[in-house]
Amino acid sequence: MDLPPPAPGPRRLRAALVLGLQLLALWPVAAVEVHTSKEVEAVNGTNVRLKCTFSSFSPVGKRLTVTWNFRPQGMNAAESVFYYYEEPYPPTSGRFKERVTWDGNIGRNDASIVVWNLNANDNGTFTCQVKNPPDVDGMIGEIQLWVVQQVHFSEIHILLLAIGSACALMILLVIVVVVCRHYQNRRQEKSAEMVNVELPEKEKLKHAEEKEAVPLDD
């Protein structure tokens, strides 16, 4: 006597489970997106704001962390610059001790810092990493900092300078025209006032001369 074939239920259940695991593996993982400037140029001895903003699929929570690191130019080893977890934690040792301050606003998705009193040793790559559990993956923002002795003007800077100079010249010309017209109007008003004063005096003198010119009757 042949046995009946096994029920298809368990086999279908296993197939559905395998398919579900495959779909779960293909489902995109939520990640924090970090946005930074690619390159920043600053003058030796000045301060620079390293801007870092982020976006997360999850609401910003208390477990959010921000980690800033620095990799000197030509070197692979990185060192800590700044750390944020519920509050800012500036470095207590190293080259950035008492030279880095928090300038971000977590409520506005801003994790920026300010580096003070730049010098040639600050040439290198700064990295900004943000984790907002459960969003803990994502690209790390990088900023290449160039510390120079003087600012190198790009074509955009030259264009902005030319536009600003032209605008300033136009404003100066308008001011000169307005001032000249104002003084011209004042001179015309004074001339009219003098005419109004001189006319009655001349009429009086004319009447007096006419009276003197009339001969007396014998």
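As a basis for the values below, the full set of heavy atoms in this structure was taken, side chains included, without hydrogen atoms, waters or symmetry mates.
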**Student:** Are any of the side-chain heavy atoms of Ile106 and Leu64 separated by less than 4.5 Å?
**Tutor:**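 Ile106 vs Leu64: side chains touch.
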
**Student:** Counting only heavy atoms not in Gln188, do more than 12 fall under 6.0 Å of its CD?
**Tutor:**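 Counting other residues, nucleotides and ligands, CD of Gln188 exceeds 12 neighbours.
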
**Student:** Taking atom CZ of Arg95 as the centre, report whether more than 12 heavy atoms of other residues, nucleotides or ligands fall under 6.0 Å from it.
**Tutor:**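 Result for CZ/Arg95: enclosed.
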
**Student:** Please evaluate residues Val114 and Thr101 with respect to the criterion side chain to side chain contact (heavy atoms under 4.5 Å, CB included), reporting the C-alpha separation (whole Å), side-chain torsions for both, the decisive distance (0.1 Å), and the verdict.
**Tutor:** CA-CA 5 Å; Val114 174; Thr101 54; 3.7 Å; yes

**Student:** Do the non-hydrogen side-chain atoms of Val43 and Thr46 ever get within less than 4.5 Å of each other?
**Tutor:** yes

**Student:** With rounding to the nearest 0.5 angstrom, report the OG1 to NZ distance, Thr67 to Lys131.
**Tutor:**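 If we round to the nearest 0.5 Å, Thr67:OG1 and Lys131:NZ are 7.0 Å apart.
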
**Student:** Can you measure from OG (Ser55) to CG (Asn132) and round to the nearest 0.5 angstrom?
**Tutor:**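 Answer for the OG-CG pair, Ser55 versus Asn132, is 10.5 Å.
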
**Student:** For Phe82, what residues pass the ring pair (Phe, Tyr, Trp, His ring centres under 6.0 Å) criterion, not counting sequence neighbours?
**Tutor:** Trp102

**Student:** Give a yes or no answer on whether the side chain of Ser112 reaches the backbone of Cys52 with a donor-acceptor pair at less than 3.5 Å.
**Tutor:**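 Side chain of Ser112 to backbone of Cys52: a pair is present.
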
**Student:** Partners of Glu189 by side-chain contact (heavy atoms from CB on, under 4.5 Å), sequence neighbours excluded?
**Tutor:** Arg186

**Student:** Counting distance only, does the side-chain N/O of Asp110 pair as donor-acceptor with the main-chain N or O of Thr53 below 3.5 Å?
**Tutor:**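 No, Asp110 side chain to Thr53 backbone: no donor-acceptor pair under 3.5 Å.
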
**Student:** Can you tell me if Asn69 uses its side chain to pair, donor with acceptor, with the backbone of Phe126 under 3.5 Å?
**Tutor:** no

**Student:** Could you tell me if Thr127 and Trp68 have a donor-acceptor pair between their side chains, going purely by distance under 3.5 Å?
**Tutor:**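 There is no such pair between these side chains.
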
**Student:** On a heavy-atom basis, which atom in Asn121 and which in Phe70 lie closest, and how many Å separate them?
**Tutor:**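 So the two residues come closest at O-CZ, 3.8 Å.
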
**Student:** So do Ser58 and Pro134 actually touch side chain to side chain, heavy atoms under 4.5 Å?
**Tutor:**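 When only atoms from C-beta onward are counted, Ser58 and Pro134 do touch, with a gap below 4.5 Å.
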
**Student:** Taking atom types as modelled and ignoring hydrogens, do the side chains of Asp135 and Ser56 form a donor-acceptor contact shorter than 3.5 angstrom?
**Tutor:**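 Ser56 and Asp135 do have a side-chain donor-acceptor pair below 3.5 Å.
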
**Student:** Looking at every heavy atom in both Pro90 and Val100, which two are closest together, and how far apart are they?
**Tutor:**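 Heavy atoms only, the tightest pair is CB-O, 4.1 Å.
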
**Student:** Looking only at non-hydrogen atoms, find the nearest pair between Pro72 and Ala77 and report the distance.
**Tutor:**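 Result for this residue pair: CD-O, 3.5 Å.
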
**Student:** Atom CD1 in Ile143, atom CG in Leu50: separation rounded to 0.5 Å?
**Tutor:** 4.5 Å

**Student:** Test of understanding: clusters of I, L, V, M, F, W, Y form through side-chain heavy atoms closer than 4.5 Å, transitively. Do Tyr183 and Ile175 belong to the same one?
**Tutor:**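 Linked within one cluster.
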
**Student:** Could you pull out the closest heavy-atom pair between Ala111 and Val130, with the gap in Å?
**Tutor:** CB-CG2, 4.5 Å

**Student:** Would you give the length of the straight line joining atom CD of Gln73 to atom CH2 of Trp146, rounded to the nearest 0.5 angstrom?
**Tutor:**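 That separation rounds to 4.5 Å.
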
**Student:** Quick one: OG1 on Thr125 to CE on Met75, what's the gap to the nearest 0.5 Å?
**Tutor:** 12.5 Å

**Student:** Hydrophobic clusters here meaning ILVMFWY residues chained together by side-chain heavy-atom distances under 4.5 Å, can you tell me if Ile171 and Val179 are in one?
**Tutor:**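 Yes; tracing contacts between hydrophobic side chains, which count when under 4.5 Å, links both residues.
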
**Student:** Within the 4.5 Å heavy-atom criterion, are Val40 and Val48 side-chain neighbours or not?
**Tutor:**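 Answer yes - side chains close enough.
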
**Student:** Taking the side chain as everything from C-beta on, heavy atoms only, tell me whether Val32 gets closer than 4.5 Å to Val34.
**Tutor:**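 With C-beta onward as the side chain, the pair touches.
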
**Student:** Please check this pair: side chain of Asn123 against backbone of Val147, looking for a donor-acceptor N/O pair closer than 3.5 Å.
**Tutor:**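 Yes.
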
**Student:** Looking only at atom types and distance, does a side-chain atom of Arg71 sit under 3.5 Å from a main-chain N or O of Glu79, one as donor and one as acceptor?
**Tutor:** no

**Student:** Hey, does the side chain of Asp122 reach the backbone of Asn119 with a donor-acceptor pair shorter than 3.5 angstrom?
**Tutor:**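 Yes, the answer is positive, given that a donor and an acceptor are paired below the 3.5 Å cut-off.
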
**Student:** Output yes when a side-chain donor or acceptor of Gln144 lies under 3.5 Å from a complementary backbone atom of Gly124, and no otherwise.
**Tutor:**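 The answer is yes, because a donor-acceptor pair under 3.5 Å joins these two groups.
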
**Student:** Return the minimal non-hydrogen interatomic distance between Leu145 and Ala42, and the atom names on each side.
**Tutor:** CD1-CB, 4.4 Å

**Student:** Between atom CD of Glu98 and atom CG of Asn117, what is the distance when rounded to the nearest 0.5 Å?
**Tutor:** 12.0 Å

**Student:** Yes or no on side chain to side chain contact (heavy atoms under 4.5 Å, CB included) for Phe54 and Val60, after CA distance, side-chain angles and deciding distance?
**Tutor:** CA-CA 10 Å; Phe54 63 91; Val60 175; 4.1 Å; yes

**Student:** For Lys62 and Glu86, work out which heavy atoms get closest and say how close.
**Tutor:** O-CG, 3.4 Å

**Student:** With a 6.0 Å cut-off on ring centres, are Tyr89 and Tyr84 close enough?
**Tutor:** no

**Student:** Can you confirm whether Gln129 sits close enough to Val66 that some side-chain heavy atom of one is under 4.5 Å from a side-chain heavy atom of the other?
**Tutor:** no

